[in-house]
Amino acid sequence: MVKSKRPLISINPLNGETLKTFHEMTPDELDKAIGRADNAFVEWSKRSFGERAAILKRAGQLFEERADELAKLMAQEMGKKVNDGLGELALCAEIFAYYAEEGEKILAPQHLSTREGEGTLVFQPLGVVYGIQPWNFPFYQPSRFTAANLIAGNVVLTKHASNVPQCAEAFEQLLFDAGVPKGVYTNLPITSAGAAPIIDDDRVKGISFTGSNAAGAKVAEQAGRNVKKTVMELGGVDPFIVLEDADMDLTVERFVEGKLGNCGQICLAAKRIILTEPIADEFLGRVTKLFEQLKPGDPLEDITDYGPLCTQKAAEQLEEQVSESVKAGAHLLVGGKRNGAFVEPGILTDIPAGSPAAEEELFGPIACVWVVKDEEAAIEMANDSRFGLGGSVYTKDHERGQRVAEKLECGTAFVNHVASSYASMPMGGVKKSGYGRELGELGIKEFVNQKLIRHFN
């Protein structure tokens, strides 16, 4: 078999050690993989919901059984702390269990009535769907796309991020071990350069992309030329609004969780910290003290406060964003220094317009802070962004929290909690953060034909 000269290399960001090397699929191998998926759809789509659900249920159980080994693999391949990894894998198990239990109910035919007779809305699978997945949640991200589509009767092709090929391989093997037939799920070991032909292929009916805005725009443009359905989750700069009546103990706890989880490498992480004047000094004082006490370490060790970023290149990019922001006039209150792939958790204040910290997504443990006069100014600041993925607001007044959350221009808003994912609740963005939804009832209906069958009296 002819091998590509472009390897996918698994590297431990803790020490730069090469763990394993994978060869990219050749164009011929890729074509055959798409063909197998297309052929597998015929049989898979005819299986009953019960048969498909049994396989999904078993996959959820395997995520629980293999949690320790898969969490260790993530720690070694992309620097995720083991406890963070265990939380991710528990969510994967929840997602597969949810769709196994609820998929048939969600996709049951809906009966409609008009003054001229009856109609039925049925939900039918499209065929081969293609997921382009990021590295930061190498099991959760493909889980939310794959589980929904498999229960619906679709078959799935996945291009995972090039820096987590071992996780991609382990995900595929877990599904095979759960009973998913070959061809119904296929991991494609390819680089971004090798991914374009898949979108053009007529056998592929839909594309889901999670990643940067720039890359997502290219995927959407190419899919649009082929008149194919897409779902785009393109990241964001989520506001974390602290009102003057917030429970400060809870808020600080949630902030640390929302900023340092996965070392800040989360699309829904707390990115823009918006403080109302009365509590700004107290919040910053508490958080600064906490950040000064944090220690880096091996993500495999329980005592580690924070591990490395996914790659040294990612750490260098974050370091440059912080440096350029400081040069533009921002104040680095604490942290922010880089050592290899490690970046100290840091806080930027007095951020000027036009600087990277004001305009770009800082994907790591750097908090960007603004102080505003009141609630109205906080909402205005939160919405003054081209992104709109998630956001959160902190207040002891439930009704006030609901009111502010409704005014945020985002796809998912939380009150007194950092943005989180739940199998039964949809998530997605607006504005430059993308469109479409994953998870819950909305997620399973993105890649099905919602067909109306009209009955006349």
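The structure displayed is predicted, hence computed values, not measured ones. Note that the numbering runs from 1 along the sequence shown for the chain.
Heavy-atom neighbours of Asn226 CG from other residues, nucleotides or ligands within 6.0 Å: above the threshold of 12. By the neighbour-count criterion of 12 heavy atoms within 6.0 Å, atom NZ of Lys445 is densely surrounded, having more than that number from other residues, nucleotides or ligands. Few gaps surround CD on Gln293; more than 12 heavy atoms of other groups in view lie less than 6.0 Å from it. At most 12 non-hydrogen atoms from other residues, nucleotides or ligands lie less than 6.0 angstrom from CE of Met425. The neighbour count for Glu380 CD, taken as heavy atoms of other residues, nucleotides or ligands under 6.0 Å away, does not exceed 12. With a 6.0 Å radius and a threshold of 12 heavy atoms from other residues, nucleotides or ligands, Lys57 has its NZ atom at or below the threshold. The neighbour count for Asp281 CG, taken as heavy atoms of other residues, nucleotides or ligands under 6.0 Å away, does not exceed 12.
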- Task: Before giving the answer on side-chain contact (heavy atoms from CB on, under 4.5 Å), spell out for Leu318 and Leu362 the whole-Å C-alpha distance, their side-chain angles and the decisive distance to 0.1 Å.
- Result: CA-CA 6 Å; Leu318 182 60; Leu362 271 59; 3.9 Å; yes
- Dump the intermediate steps for side-chain contact (heavy atoms from CB on, under 4.5 Å) on Tyr422 and Met427, then the final yes or no. CA-CA 9 Å; Tyr422 305 90; Met427 67 161 292; over 6 Å; no
- ring-ring contact (aromatic ring centres under 6.0 Å, His included) between Phe283 and Phe255, worked out: CA-CA 10 Å; Phe283 180 89; Phe255 166 76; 5.4 Å; yes
- Query: Does the side-chain contact (heavy atoms from CB on, under 4.5 Å) test come out yes or no for Tyr140 and Ile95, once each step is laid out?
  - Reply: CA-CA 9 Å; Tyr140 158 67; Ile95 290 168; 3.7 Å; yes
- Query: Passes side-chain contact (heavy atoms from CB on, under 4.5 Å), Thr311 versus Trp135? Steps please.
  - Reply: CA-CA 11 Å; Thr311 64; Trp135 51 265; over 6 Å; no
- Message: Walk me through whether Glu399 and Arg403 qualify under salt bridge (Lys or Arg N to Asp or Glu O under 4.0 Å).
- Response: CA-CA 6 Å; Glu399 292 184 0; Arg403 181 179 71 243; over 6 Å; no
- Task: Using the salt bridge (Lys or Arg N to Asp or Glu O under 4.0 Å) rule, take Arg400 and Glu244 through it: C-alpha gap first, then chi angles, then the decisive distance, then the call.
- Result: CA-CA 12 Å; Arg400 187 185 190 190; Glu244 71 280 355; 3.0 Å; yes
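For the atom pair CG (Asp350) and OG (Ser325), the distance works out to 12.5 Å, reported to the nearest 0.5 Å. Here OG of Ser212 is found 9.0 Å from CD of Glu361. Values are rounded to the nearest 0.5 Å. Separating the NZ atom in Lys271 from the CZ atom in Phe363 is a distance of 5.5 Å, to the nearest 0.5 Å. For the atom pair OG1 of Thr186 and CZ of Phe176, the computed distance is 6.0 Å after rounding to the nearest 0.5 Å. Summarising the geometry, atom CD1 belonging to Ile11 is positioned 11.5 Å from atom NZ belonging to Lys313; distances are rounded to the nearest 0.5 Å.
What you find for Phe387 and Leu234 is that their closest heavy atoms are CE2-O, 4.3 Å. The heavy-atom pair separating Ser392 from Leu408 by the smallest distance is N-CD1, 4.5 Å. Of all heavy-atom pairs spanning Cys167 and Pro138, the tightest one is CB-CB, 3.6 Å. Of all the heavy atoms in Ala71 and Leu86, the pair that sits closest is CB-CD2, 3.8 Å. Across Asn262 and Met78, no two heavy atoms sit closer than the pair OD1-CE, 3.8 Å. Nearest heavy atoms, Ala269 versus Gly264: CB-O, 4.1 Å.
Judged purely by atom type and a 3.5 angstrom limit, Asn12 has no side-chain atom pairing as donor or acceptor with the backbone of Glu17. In this structure a side-chain-to-backbone donor-acceptor pair under 3.5 Å is present from Thr276 to Val242. When atom types are taken as modelled, the side chain of Lys259 and the backbone of Ile366 share a donor-acceptor pair closer than 3.5 angstrom. A donor-acceptor pair is defined here as one N or O able to donate and one able to accept, closer than 3.5 Å; such a pair exists between the side chain of Ser433 and the backbone of Gly235. No side-chain donor-acceptor contact under 3.5 Å links Arg254 to the backbone of Val418. Side chain of Glu446 to backbone of Val231: no donor-acceptor contact under 3.5 angstrom is found. Although no hydrogens or angles enter the test, the distance criterion places a donor-acceptor pair under 3.5 Å between the side chain of Thr146 and the main chain of Pro142. No donor-acceptor pair under 3.5 Å is formed between the side chain of Arg437 and the backbone N or O of Ile444. Between the side chain of Thr395 and the backbone N or O of Asp397 there is at least one donor-acceptor pair closer than 3.5 Å. At distances below 3.5 Å, not a single donor-acceptor pair connects side-chain atoms of Asn149 with backbone N or O atoms of Asn154.
Checking Gln61 against Arg58 by side-chain atom types alone, a donor-acceptor pair falls below 3.5 Å. Side-chain contact check for Gln133 and Thr158: no donor-acceptor pair (N or O, by modelled atom type) lies under 3.5 Å. For the residue pair Asp200/Gln222, the side-chain donor-acceptor check at 3.5 Å is satisfied.
Between Arg144 and Glu233, at least one side-chain N (NZ, or NE/NH1/NH2) sits under 4.0 Å from a carboxylate O, which counts as a salt bridge. Taking the charged nitrogens against the carboxylate oxygens, Glu69 and Lys72 have no contact shorter than 4.0 Å, which rules out a salt bridge. Ion pairing between Glu292 and Lys289 fails under the 4.0 Å rule for side-chain N and carboxylate O. Taking 4.0 Å as the cut-off between side-chain N and carboxylate O, Glu253 and Arg286 do not count as a salt-bridged pair.
If you run ring pair (Phe, Tyr, Trp, His ring centres under 6.0 Å) between Tyr185 and each of Tyr130, Phe145, Phe171, only Phe171 comes through. Paired with Val204 under the rule side-chain contact (heavy atoms from CB on, under 4.5 Å), one option of Ile199, Val129, Leu126, Leu157 passes, and it is Leu157. For the side-chain contact (heavy atoms from CB on, under 4.5 Å) with Pro165, the qualifying choice from Glu24, Lys20, Glu77 is Glu77, the only one to do so.
The side-chain heavy atoms of Leu188 and Ile198, taken from C-beta on, include a pair separated by under 4.5 Å. Within the 4.5 Å cutoff, the side chain of Gln312 has heavy atoms near those of the Arg338 side chain. When side chains are defined from C-beta on, Leu174 counts as touching Leu70, because their heavy atoms get closer than 4.5 Å. Looking only at side-chain heavy atoms (C-beta outward), Phe123 and Gln110 come within less than 4.5 Å of each other. With a 4.5 Å cut-off on side-chain heavy atoms, Leu294 and Leu260 count as touching. Tyr394 places none of its side-chain heavy atoms less than 4.5 Å from the side chain of Met248. Phe139 is not listed as a side-chain neighbour of Leu91, based on a closest heavy-atom distance of 4.5 Å or more. Here the side chains of Glu277 and Val371 are in contact, with some heavy-atom distance below 4.5 Å.
Lys80 forms a cation-pi arrangement with Phe137, by the criterion of a distance under 6.0 Å to the ring centre and an angle within 45° of the ring axis. Annotation: cation-pi pair Lys205/Phe447 absent, no NZ/CZ under 6.0 Å from the ring centroid and within 45° of its normal.
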